[in-house]
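Below is one structure, written out as structure tokens; comments come after it.
When a residue number appears, it is its place in the shown sequence, counting from 1.
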Amino acid sequence: MAHFPVNHPARPLYRVLSGLIGLYILVFGVFGVFQTWGEGLFGRDSDWALGLRTNLAFSLVSVVFGAVLLVGASRRDNLGHYMNLTAGVVFLVTGILMMSVLQTPANFLNFSMSTVIVSLLFGLVLLATGLYDKVGTAEHAEKERQRRYHPIGER
């Protein structure tokens, strides 16, 4: 079984990072909705919001996803941990899939290479925050502290 650090000392920093990413995605989605309102849902026009190319479908998905990430970052329990892990994988997979169809008609979210890079970067950061923001009981935290600060030979 994989070992996720429990009660990591930098957990608040990781929650802030995931919250900032969620806020950026939410603001990007809102600007994108206003920019592309009235156009086709999966339009392939040259509409840009906050430096990334978008269409109405991608903007609407971004509003929902940004709000979900903000909720996950505001939670102090393991729900945020699982949400960040899931969001990291979703961003990485989406970035790779959209990069593979970038210059084809299958690019239904109107990605550009800059959007792919941001998606992959956000995926890596969210995956890292998900790996280090797991919450445990006080007893578990003490065991983790003992394991972290005392070599095996001293036990």
| Cluster link F122 to L52, ILVMFWY, side chain under 4.5 Å | yes
| field | side-chain contact (heavy atoms from CB on, under 4.5 Å) partners for L124, two or more places apart | value | L92
Please list every donor-acceptor pair under 3.5 Å in which a side-chain atom of residues 22-32 meets a protein atom from a residue at least two apart or in another chain.
| from | atom 1 | to | atom 2 | distance (Å) |
| --- | --- | --- | --- | --- |
| Y24 | OH | L50 | O | 2.9 |

| field | Distance, nearest 0.5 Å, that separates NE2 of H81 from CG of L131 | value | 7.5 Å
| Transitively linked via ILVMFWY side-chain contacts under 4.5 Å: L41 with M98? | yes
| task | Write out all pairs satisfying side chain to side chain donor-acceptor pair (under 3.5 Å) with one or both partners inside residues 38-50, taking only residues at least two apart or from two chains. | result | S46-W48
| Linked, directly or transitively: I96 and V93 (ILVMFWY side chains, under 4.5 Å) | yes
| S59: side-chain hydrogen bond (donor to acceptor under 3.5 Å, both in side chains) partners, not counting sequence neighbours | T54
| For V16, which fellow cluster members are found when Ile, Leu, Val, Met, Phe, Trp and Tyr are connected by side-chain heavy-atom distances below 4.5 angstrom, either directly or through intermediates? | L20
| A87: side-chain contact (heavy atoms from CB on, under 4.5 Å) partners, not counting sequence neighbours | F65, L69, L126
| remark: Those residues at least two apart in sequence (or on a different chain) that pass side-chain hydrogen bond (donor to acceptor under 3.5 Å, both in side chains) with R11 are N7
| query | Does anything in residues 104-122 pair up under side chain to side chain donor-acceptor pair (under 3.5 Å), and if so which pairs, sequence neighbours excluded? | reply | R53-N110, S112-S114, S112-T115
| Residues forming a side-chain hydrogen bond (donor to acceptor under 3.5 Å, both in side chains) with N84, sequence neighbours excluded | D133
| remark: In short, salt bridge (charged side-chain N to carboxylate O under 4.0 Å, His left out) pairs touching residues 81-109 with sequence neighbours left out are none
| said: Would R15 and Y132 count as a side-chain contact (heavy atoms from CB on, under 4.5 Å) here? Give the steps. | reply: CA-CA 10 Å; R15 283 197 358 248; Y132 287 98; over 6 Å; no
| message | Please tell me whether L109 and L120 are part of a single hydrophobic cluster in this structure, the criterion being side-chain heavy atoms less than 4.5 Å apart. | response | yes
| message | Suppose we screen for side-chain contact (heavy atoms from CB on, under 4.5 Å). Which residues come up paired with M113, at least two apart in sequence or across chains? | response | M99, L102, V116, I117
| task | Check F42 against F108 and note the closest heavy-atom contact, atom names and distance. | result | CD2-O, 3.3 Å
| request: Starting at CZ of F111, measure out to OG1 of T94 and round the result to the nearest 0.5 Å. | output: 6.5 Å
| task | Check whether any side-chain N or O of S100 sits under 3.5 Å from a backbone N or O of L97 as a donor-acceptor pair, and report yes or no. | result | yes
| said: Side-chain heavy atoms nearer than 4.5 Å, only ILVMFWY residues, links allowed to pass through others: does that put L17 and V68 together? | reply: no
